Amino acid sequence: MDFLYNTTMIYDIIIIGGGVVGCAIAHEAVQYNLSVLLLEKEADVSEGTSKANSGVLHAGFNVPVGSLKAKFNVDGLKYFPKLCNDLQIDYNDCKKLVIAKDDKEKKTLVQLYEQGLANKCEGLSLIERKQIQSLQPSLYNGHDNYSGPAYALFSEKTAIVSPYELTIALAENALLNGATIKTSCEVSSIEKLSTEDTGIPEDCFHVGTTSGFSAGGRFVVNAAGLYSDKVASLIDSIDLKIYPWRGEYYILEKKAVELVDMAIYPVPPSDGGGLGVHLTPTVHNNLLIGPSAEFTDFPENLENTIPTMRQLLNEAWEMVPGLRGYTAIKNFSGIRSKLFGPGTSSGFEDFYINESPNIPNLIHIIGIESPGLTGAPSIAHHVIENIIGNRMDLSINSRFSYKRIRPVRARDLSNSDFRSLTERDPAYGEIICFCGRVSKGEIRDALHSPLSGEVFSSDKRGIGILNAIKKRTHTLMGDCQGGRCLSRLLHVVEEELGITAEEVLNDSDY
Ligand SMILES: Cc1cc2nc3c(=O)[nH]c(=O)nc-3n(C[C@H](O)[C@H](O)[C@H](O)COP(=O)(O)OP(=O)(O)OC[C@H]3O[C@@H](n4cnc5c(N)ncnc54)[C@H](O)[C@@H]3O)c2cc1C
């Protein structure tokens, strides 16, 4: 690492944005002997689009042949079994059915199937009523005027992960392998400095943030998601604009996975309006209904609207009438980064992943809507190996450690393992969240986990402590949504961080 003007560190790579893409790039970069800085404007990583999506690892049949979306989707999917094992996060190969009611809809299934084959997706087959019924009987029960799907495209390789657990795990592992991660650091300026300015033998960037922290970088990677066009405009003039496209969801109580334990999609709408409202199990055994698809004026507009929420339920009940008997425990929204606005395109725009045509060593990653979660590991590999690796020699970091230690999950343990754990440390036997069976020990671990120095640091307020604990432990996310555990949880935070319950609540949108 060099120093700029004797004070500011110069990193090999500065990554702007701690979503799944930025964190995957940091995780990839530290596998080489590169110094890496990741800057995130929020107090925690995974606070943007990577926090709120379906969590589906797509097979790759929904995206046009020859597109970057197809390339990174199909390639990205292959990384996940090993990556999730290395990072010790849950991976569930739940599989997927795209269902068609009749011969007209079957034509779309055949097109998707052929597109999938051309994209080299594995594990696809077209199936009919009998096989569909044996895979997911609830699709056939309780309909009034319809006897259930006649055809389906079955995808054996579709899987699910928790998108925020993945992002946090990538960031933690990057941090433990040498990356520097700074949260609450919104990048507000990027300048290119010449060798005459700096006295070091190559041009570099100077990146400033609203927190006052600044650093130098040989490469800057703009992975700022919904704000990547704004970050680009701090230094560059590329003609791309993000149009926020909201997707609203319901989360159903855990029992709903008794009826639906694989991803169920309708045939996608012909207007290019997303993949249609679908049913997706989560790795925590809830069931998601959604997302809707509507343009919004600004990226923070995460509201849930009554007409859309009604539409979600109606479409879910039409696919699986038995879901009427299950309770929705929460709703939420996520926002996609579209590169076209309402009525301005035929409905497809590819990812933009390029070195700037105007400024060498500045890499823009823009328009990473679905399948960006699935594609993230492959995008990261491409950015480091092909774009940065083209410009500088990369040598392997022989000290890189792939394995992340899995946080203790009391609910996953056998009775005997649970007993011996609680004998060693009784805090793991003190259950705070009964819905998710989360113990005091697990919350304590989260409050002291690798990113805690940034996320829970005492000089920060407005950080959403409860939100950060939720993402790490799954407490407050059960059927009671905190009704039974909040006061006990606040007590643990007070004990561990010395922050009063009142301060924590003032600091959260809970
Ligand atoms: C409703 C919905 C459903 C989806 N479903 C799926 C799916 O099932 N499967 C799939 O593969 N993909 C899915 N996606 C797409 C996937 O979620 C995204 O492609 C992915 O999360 C994008 O990650 P990202 O890192 O580019 O963006 P983000 O997660 O938004 O990260 C960008 C980060 O940059 C930060 N930032 C912004 N400006 C600055 C700044 N000036 N300085 C510092 N930091 C800054 C932000 O705070 C944010 O944390 C879905 C998306 C949505 C919205």
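Please read these numbers as outputs of a predicted model, since none were measured by experiment. Numbers for residues simply follow the sequence, beginning at 1. Indexing begins at 1, ligand by ligand and atom by atom, following the structure's order.
- Selection from Asp44, Val231, Thr49 by nearest heavy atom to atom 28 (P) of ligand 1 gives Thr49.
- Among the atoms of Trp245, none of the N or O lies under 3.5 angstrom from an N or O of ligand 1.
- Protein heavy atom closest to atom 27 (O) of ligand 1, with residue, atom name and distance, is Gly225 CA, 3.7 Å.
- Classification of the Tyr164-His284 ring pair by plane angle, with boundaries at 30° and 60°, yields parallel.
- Only the backbone of Glu369 comes within 4.0 Å of ligand 1, judged by heavy-atom distances.
- Taking the ring axis of Phe154 as reference, the NZ or CZ atom of Lys95 does not stay both within 45° of it and closer than 6.0 Å to the ring centre.
- Without hydrogens or angle criteria, Thr473 side chain to Ile469 main chain gives a donor-acceptor distance under 3.5 Å.
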Original post:
Passes ring-ring contact (aromatic ring centres under 6.0 Å, His included), Tyr402 versus His27? Steps please.
Top reply: CA-CA 9 Å; Tyr402 287 90; His27 180 258; 7.3 Å; no
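- The shortest contact between atom 34 (O) of ligand 1 and any protein heavy atom is with Gly17 CA, 3.2 Å.
- The side-chain tip of Lys241 points at the ring of Tyr243 from less than 6.0 angstrom away and within 45° of straight on.
- Under a 3.5 Å cut-off, the side chain of Ser356 and the backbone N or O of Asn358 do form a donor-acceptor pair.
- For ligand 1, the polar-atom distance check against Asn53 finds a nitrogen or oxygen pair separated by under 3.5 Å.
- Shortest contact from atom 16 (C) of ligand 1 to any protein heavy atom: Leu373 N, 3.8 Å.
- Near Ile16, with a cut-off below 4.0 Å to any heavy atom, the atoms of ligand 1 are 40 (C), 42 (N), 43 (C).
- The cationic group of Lys338 does not satisfy the cation-pi geometry with Phe295, failing either the under 6.0 Å distance to the six-membered ring centre or the 45° limit from the ring axis.
- Atom 19 (O) of ligand 1 has as its closest protein heavy atom Ile368 O, 2.6 Å.
- A side-chain donor-acceptor contact under 3.5 Å links Asn222 to the backbone of Ala224.
- At least one heavy atom of Cys185 sits less than 4.0 Å from an atom of ligand 1.
- Counting heavy atoms closer than 4.0 Å to ligand 1, residue Cys23 contributes nothing at all.
- Checking Phe351, Tyr249, Phe332 against atom 1 (C) of ligand 1, the nearest heavy atom belongs to Tyr249.
- No donor-acceptor pair closer than 3.5 Å links the side chain of Ser378 to the backbone N or O of Gly375.
- Heavy-atom proximity to Gly48, at under 4.0 Å, picks out these atoms of ligand 1: 29 (O), 30 (O), 49 (O).
- Close approach to Gly55 involves these atoms of ligand 1, each under 4.0 Å from a residue heavy atom: 8 (O).
- Atom 31 (O) of ligand 1 has its closest protein heavy atom at Gly19 CA, 3.2 Å.
- Less than 4.0 angstrom separates some heavy atom of Pro371 from each of these atoms of ligand 1: 10 (C), 11 (O), 12 (N).
- Tyr250 pairs with exactly one of Leu312, Asn286, Asn304 by the side chain to side chain contact (heavy atoms under 4.5 Å, CB included) rule, that one being Leu312.
- The ligand atoms of ligand 1 that sit less than 4.0 angstrom from a heavy atom of Leu39 are 43 (C), 44 (N).
- A tilted orientation is assigned to the rings of His364 and Tyr352, their planes being inclined by 30° to 60°.
- Ion pairing of Glu47 with Lys41 is absent here, as no side-chain N (NZ or NE/NH1/NH2) approaches a carboxylate O to less than 4.0 Å.
- Between Leu57 and ligand 1, no pair of N/O atoms sits closer than 3.5 Å.
- From the protein, the heavy atom lying nearest to atom 44 (N) of ligand 1 is Lys41 N, 3.1 Å.
- Only the backbone of Ala223 comes within 4.0 Å of ligand 1, counting heavy atoms alone; no side-chain atom from C-beta on gets that close.
- For ligand 1, the polar-atom distance check against Val187 finds a nitrogen or oxygen pair separated by under 3.5 Å.
- Of the polar atoms of Val56, at least one N or O is found under 3.5 Å from an N or O of ligand 1, judged by distance alone.
- With respect to Ser35, the side chain to side chain contact (heavy atoms under 4.5 Å, CB included) criterion is satisfied by exactly one of Ile14, Asp12, Ile13, Thr180: Asp12.
- Taking the six-membered ring where the residue is Trp, His58 and Tyr265 present perpendicular rings, their angle passing 60° and hence far from 30°.
- Residue Thr374 has at least one nitrogen or oxygen atom sitting less than 3.5 Å from a nitrogen or oxygen atom of ligand 1, judged on distance alone.
- Looking at Val20 next to ligand 1, an N or O pair under 3.5 Å apart turns up.
- A donor-acceptor pair under 3.5 Å is absent between the side-chain atoms of His206 and the main chain of Cys204, judged by distance alone.
- Of all atoms in ligand 1, listed by their number and element, those nearer than 4.0 Å to a heavy atom of Ile335 are 53 (C).
- Geometric assessment of Lys157 against the ring of Phe80 yields a negative cation-pi assignment under the 6.0 Å and 45° thresholds.
- Taking only nitrogen or oxygen atoms, main chain and side chain alike, Glu42 does not reach within less than 3.5 Å of ligand 1.
- Close approach to Gly372 involves these atoms of ligand 1, each under 4.0 Å from a residue heavy atom: 11 (O), 12 (N), 19 (O).
- For ligand 1, the polar-atom distance check finds no N/O of Tyr227 at less than 3.5 Å from any of the ligand's N/O atoms.
- Among all non-hydrogen protein atoms, the one lying nearest atom 47 (O) of ligand 1 is Glu40 OE2, 2.6 Å.
- Scanning all protein heavy atoms for the shortest distance to atom 5 (N) of ligand 1 gives Ser54 N, 3.4 Å.
- For Arg391 (side chain) and Asn361 (main-chain N/O), no donor-acceptor pair under 3.5 Å exists by modelled atom type.
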